[in-house]
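Structure first, then comments.
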Amino acid sequence: MISINNKRFKLIIKVGLFIFVAYLIGFFFFKLASFFKLVYEKEQLTKELQIKKQETLSLKRKVVKTKAKMVEIESKYIKKEEIDSKIKDIYKRMSVLDYNLKFLNSKKMCIDNYIIVTQLTARSKEGLKAGEGILSYLGEMKKSEKNNTIYFVNYISKAKDIKK
């Protein structure tokens, strides 16, 4: 049997208790440091989240302002329905026996730019020239490559003066 004298036993107990207390103190400080680190990170993330929320709100306000400006600007330019009716009216008045203009369609390219698709039929070369003159007056004209009677007119509208 192993025997340990009383002095050595007390020394082992003291060293064991010292190691245990040192471990407890180290564990406590480690957990305390981890806690403060987490609190610091939470504060940083909360600040960052607040900044992101403010940026998001600012961007939302800018989007609303931009949409309002777009609506205001679009209201200053002619609408597709208006251009369709005006072009049909012009073609009805300008079509004579020598040539005939027929409105087929229009496509909005941007706020002030439309492509007008027109059919021009003429009985003579002078009639064709007169019809093309009317189309070129509306805008830049291009003849279709597939059909000799179809023309594309690039119509650019001007802003209306809106009275307040």
Side-chain angles (χ1 to χ4, degrees), residues 1-91 101-120 134-147 150-164:
M1 184 145 80
I2 302 175
S3 65
I4 300 176
N5 64 10
N6 210 6
K7 221 179 192 185
R8 188 168 281 235
F9 181 70
K10 286 181 184 180
L11 180 66
I12 291 173
I13 295 287
K14 283 181 185 179
V15 169
L17 280 174
F18 179 74
I19 290 173
F20 180 71
V21 169
Y23 174 77
L24 279 178
I25 291 172
F27 182 77
F28 174 75
F29 282 119
F30 175 76
K31 287 296 180 181
L32 190 65
S34 297
F35 174 76
F36 283 120
K37 181 181 176 188
L38 288 174
V39 168
Y40 176 76
E41 288 175 359
K42 179 185 171 194
E43 288 176 5
Q44 293 300 323
L45 290 174
T46 304
K47 287 179 186 177
E48 189 176 327
L49 184 62
Q50 287 296 100
I51 291 170
K52 295 293 182 188
K53 280 183 181 179
Q54 289 174 350
E55 289 174 357
T56 302
L57 289 174
S58 173
L59 287 174
K60 284 181 180 179
R61 281 188 221 112
K62 284 182 182 178
V63 166
V64 168
K65 286 180 184 178
T66 304
K67 283 183 180 179
K69 281 183 183 179
M70 284 177 60
V71 167
E72 180 184 334
I73 289 172
E74 282 182 353
S75 69
K76 291 181 180 181
Y77 288 93
I78 193 167
K79 307 243 180 312
K80 184 181 184 317
E81 295 79 25
E82 293 176 49
I83 200 167
D84 290 354
S85 66
K86 285 184 179 185
I87 295 295
K88 285 178 185 177
D89 183 47
I90 290 170
Y91 286 179
L101 289 168
K102 183 179 177 186
F103 175 79
L104 298 177
N105 196 4
S106 68
K107 181 171 174 145
K108 186 175 186 175
M109 301 307 282
C110 65
I111 290 175
D112 65 341
N113 194 356
Y114 291 88
I115 299 295
I116 301 168
V117 182
T118 302
Q119 183 177 22
L120 171 63
I134 292 170
L135 294 178
S136 64
Y137 177 75
L138 291 174
E140 186 181 323
M141 173 190 66
K142 184 175 181 188
K143 195 172 190 179
S144 174
E145 295 173 358
K146 295 179 182 173
N147 189 338
I150 304 294
Y151 288 83
F152 301 100
V153 179
N154 186 13
Y155 177 77
I156 299 173
S157 66
K158 293 187 174 131
K160 301 177 206 172
D161 292 330
I162 297 177
K163 297 176 183 172
K164 292 183 180 182

For residues 49-67, please give each side-chain donor-acceptor pair under 3.5 Å, one per line with the distance, not counting sequence neighbours.
from, atom 1, to, atom 2, distance (Å)
Thr56, OG1, Lys52, O, 2.8
Thr66, OG1, Lys62, O, 2.7

Can you sort out the partners of Tyr155 under side-chain hydrogen bond (donor to acceptor under 3.5 Å, both in side chains), two or more places apart, ordered by chain and number? none
Please identify each residue that fulfils side-chain hydrogen bond (donor to acceptor under 3.5 Å, both in side chains) with Tyr151, with sequence neighbours left out. Glu132
Which residues share a side-chain hydrogen bond (donor to acceptor under 3.5 Å, both in side chains) with Asp112, sequence neighbours left out: none
Lys80 bridged to Asp84 by N-O distance under 4.0 Å: yes
How close do Lys42 and Thr46 get, counting heavy atoms only, and between which atoms? O-OG1, 2.7 Å
So, taking the atom named CG in Asn105 and the one named OH in Tyr114, what distance separates them when rounded to the nearest 0.5 Å? 12.5 Å
After noting the C-alpha distance and the side-chain angles of Tyr137 and Ile90, does the key distance pass the side chain to side chain contact (heavy atoms under 4.5 Å, CB included) rule? CA-CA 12 Å; Tyr137 177 75; Ile90 290 170; over 6 Å; no
Those residues at least two apart in sequence (or on a different chain) that pass side chain to side chain contact (heavy atoms under 4.5 Å, CB included) with Lys102 are Leu104, Gln119
For Tyr91 and Phe103, work out which heavy atoms get closest and say how close. CD1-N, 3.5 Å
Could you give the distance from OG (Ser85) to CD1 (Ile78), rounded to the nearest 0.5 Å? 7.0 Å
Could you go through Ile87 and Val153, starting from their C-alpha distance and side-chain angles, then the distance that decides it, and tell me whether this counts as side chain to side chain contact (heavy atoms under 4.5 Å, CB included)? CA-CA 11 Å; Ile87 295 295; Val153 179; over 6 Å; no
I would like to know whether Leu135 and Leu101 meet side chain to side chain contact (heavy atoms under 4.5 Å, CB included); could you show each step before the answer? CA-CA 9 Å; Leu135 294 178; Leu101 289 168; 4.1 Å; yes
My understanding is that only residues two or more places apart in sequence, or in another chain, count here; which of them pass side chain to side chain contact (heavy atoms under 4.5 Å, CB included) with Glu41? Lys37, Leu38
dist Met70:CE -> Ile111:CD1 (nearest 0.5 Å) comes out at 6.0 Å
Listing, residues 11-34 side-chain donor-acceptor contacts under 3.5 Å, not counting sequence neighbours, or none:
from, atom 1, to, atom 2, distance (Å)
Ser34, OG, Phe30, O, 3.0

Sequence-distant partners of Glu82, salt bridge (charged side-chain N to carboxylate O under 4.0 Å, His left out), two or more places apart: Lys160
Residues passing the side chain to side chain contact (heavy atoms under 4.5 Å, CB included) test with Asn154, sequence neighbours excluded, are Asn113, Ile115, Glu140, Ile156
If I take atom CZ from residue Phe152 and atom CD from residue Glu145, how far apart are they, to the nearest 0.5 angstrom? 9.0 Å
Kindly write out the residues that satisfy side-chain hydrogen bond (donor to acceptor under 3.5 Å, both in side chains) with Lys142, not counting sequence neighbours, or none if the list is empty. none
OG-NZ distance between Ser106 and Lys88, expressed to the nearest 0.5 angstrom: 9.0 Å
Return the set of residues passing side chain to side chain contact (heavy atoms under 4.5 Å, CB included) with Asn6 (not counting sequence neighbours), or none when no residue passes. Lys10
Can you name the closest pair of heavy atoms from Glu74 and Lys79 and give their distance? O-NZ, 3.5 Å
Please name all residues satisfying salt bridge (charged side-chain N to carboxylate O under 4.0 Å, His left out) with Lys107, sequence neighbours left out, ordered by chain then number. none
